[in-house]
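For reference, the structure discussed in these notes is given below.
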Amino acid sequence: MELFNGGQISLSNIPALAVEEFRGHVLNRCHEDARLVNLFGALEPNGQVRLFAILGQDEEAELEILSTFIPPQAPQYQSLTKDLLQAHLFEREIAEQWAITPAGHPWLKPLRYHSNYRSAADIWNNIAHKTIPGEYPFYAVASEEAHEVGVGPVHAGIIEPGHFRFQCHGEAIMHLEIQLGYQHRGIEPLMAGPDLKRSMLLSESIAGDTSIGHSTAFCEVVESLTGCAISARAQAIRAVALELERLANHIGDLGALGMDAGFLPTSAYFGRMRGDYLNLLLSLTGNRFGKGLSRPGGVLFDIDAKMADDLCSKLKKYREEFQDVSDLLFTRPSVLARFEGVGTISLKDAKEIGLVGPAGRASQLECDVRMNYSSGMWQYHHVPISLGATGDVYARALVRRQEVVRSLEFLLRILSSLPAGEIFVQPGPMKPDTLGASMVEGWRGEIMHVGITNSIGGFARYKIKDPSFHNWFGLAYAMRGQEISDFPLCNKSFNLSYCGHDL
Amino acid sequence: MLKILRTRFKQGCRTMLFPKAKAPALPSRYRGRPIIAGQGDSIDLGKISFSPDSGIAYSNDPQMATSKREDLIISKERELVLARALNDKMLRIFGRSLKLRQVSAGGCNACESDINVLNTPVWDLSRFGIQFVASPRHADGIVVTGPITRNMHEALLKTYEATPDPKIVIAVGSCAISGGIFSESPQCSKGLNAIIPVDLFIPGCPPHPLTTLDGLLRLLDRL
């Protein structure tokens, strides 16, 4: 059954297949030209768990949704992961949230270490009582010459916690296992609570550096479920904020990459320039991360003619500064020597892992929600997909540089022709027994929120997918065969979200 | 080399003059210290998320850090008491050199990012002798963000214990102070001061870098 970005579908219209058929269909489609965009479970009133798969055909801009039921008396099905790597984390998440065993899953460990959501016995017996890493083995290499390096959860910088376990032979990394879950706040069940206002605030804190991306996705889900059409002006203001968020983060990342390559001038300049964009968000929304801007039905802050002019003139100035400093970064031989050929992921591997966002585009994967599943302002103003050619740290840096330039162009274009209209309309009640979905191209890649309503029009289930969920495995994979001293640089080139993954 | 020098020249010196001169004015939409509407109203700065549609009116004043948890609860009768300086003994030890270790315990990365910003040239935190260090063993105190998730509880305590005495503890953001919007989650706790003693509370979601800097400088008796 077809689904649109920002669309809704009655639960009874979503095809329900037998488990084997479901599995076969997902595998067939993903081995042809589709991609696993989402795979998650939701509890039915009768105690069954309904698994939903959302498949994306990026080139045709089509989303397909299908489902299957897993009965509580036999909570098991044949794992997809052994035939489809993209399903790896999704299946571990399902196993943890719903106590359903994907039989034959090659590395079935908990993700976030919490007890399951259907009050059944967990499939791991110590999960809710031990803190991470519990009693689960790390992938290990046994040899007298091999050694293991453990880093985290508390890292050296001001960043979020996660544990990294390297299996090394001398300097060379044979394998990296990334253990997250430390940031788990239980946000999905909280989001499905009765108070939409609280869910709204929570969505702004799923990942604070992606407040705009996630809050936009939440608003679009509620708008799809209430049938609320927001004005073109509100869409434009959301787009402005989303691009400002992208600019701030991409520029910050370029600074951090310079820092890890040992080139400090650009890291100081980019670090400051990142703040310029956060200050623009502050003057627009009253918060440096854009919290408080979007609400279901539109936005709370307008951009008047004076502010639009002011934004345009500042952005033009910032564009010049950016060109200057990025020229400095990208022409330093010592920087390029560190960037090139490190942490390479081929197009084939990127597809197999299911990378999204700049990390995927750096490997020539044409994935960008703004183009492939365009909604809102992006239907009228196109931002070309920025592709890298080499799949290494250099390509991931270059994609960010291109995207900064293109985002600035896009902003200057829409700020000079903001559509007229009310910025906010009050949405009505949500439709009962319906599924609404929204995709947003956050600065890290494809964000997807799915809301499922119960028979009285409240949320029965709320599913959040941060792009990092697809990409963490990509980082681990990119490190194979690399030197351990390349890890910080490679890590920065992905710059993934811990709390976006841990929820 | 010439290119580096040319860019350096173009970039100029960007470090703000605060605290020697007045802090830069914040935009009118910025939501700082709340304005109490009437008698009997009270607002807990450590709980609110400073959202524009919460029915609270906000001033443009970023100064909000306090020394005590109860000082964050303000009303017409109880005005905000800004953070006091450390005692003389502590000031002798930390007044001119304070090394901090940051622990994110479920923080959404907004608080973390805006603490990090203090290290950029505009803020240049190191000019006050304050520095974020890589190990708790090198630190004089810890800065905690996030609603202290169940999975970070142990790592937080270990970091705290690894920091040599005497030490200070700073809670940054509504989540660290009270659990914030996550306080009802079984995976989160209801505030840092129920777990370890806290010396400085910096409210906000996230606090503006000026709020954080103001709090740190008050603690070190620099304001």
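Note: hydrogens, waters and symmetry copies are ignored here, and every other heavy atom, side chains too, is used. Order of the sequence lines sets the chain letters (A, B, ...), proteins ahead of strands, with each chain counted from 1.
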Report which part of [X] has an atom under 4.5 Å of a heavy atom belonging to chain B: side chain, backbone, both, or neither.
X        : value
A/Leu190 : side chain
A/Ser497 : neither
A/Tyr113 : both
A/Arg295 : side chain

| request: Step through it carefully: locate the ring centre of B/Trp123, locate the ring centre of B/Phe128, and say whether they are under 6.0 Å apart. | output: no

| Under a 4.5 Å heavy-atom cutoff, which of A/Asn279, A/Thr210, A/Asp502, A/Leu284 has the most pairs with chain B? | A/Leu284

Using non-hydrogen atoms only, which part of [X] is less than 4.5 Å away from chain A: side chain, backbone, both, or neither?
X        : result
B/Cys175 : neither
B/Arg31  : both
B/Thr120 : side chain
B/Lys158 : neither
B/Val143 : neither
B/Leu156 : neither
B/Glu154 : side chain

| field | B/Thr66 side, atom OG1; B/Ile202 side, atom CD1 - distance, nearest 0.5 Å | value | 9.5 Å

| query | Is B/Lys167 salt-bridged to B/Asp140, going by a charged N under 4.0 Å from an acidic O? | reply | no

| query | Hey, does the side chain of A/Asp466 reach the backbone of A/Ile447 with a donor-acceptor pair shorter than 3.5 angstrom? | reply | no

| message | Would A/Glu188 and A/Gln97 count as a side-chain hydrogen bond (donor to acceptor under 3.5 Å, both in side chains) here? Give the steps. | response | CA-CA 10 Å; A/Glu188 281 186 358; A/Gln97 292 186 334; 3.1 Å; yes

| NZ/B/Lys47: more than 12 non-hydrogen atoms of other groups inside 6.0 Å | no

| said: Between B/Asp61 and B/Ser59, do the side chains contain a donor N or O and an acceptor N or O under 3.5 Å apart? | reply: no

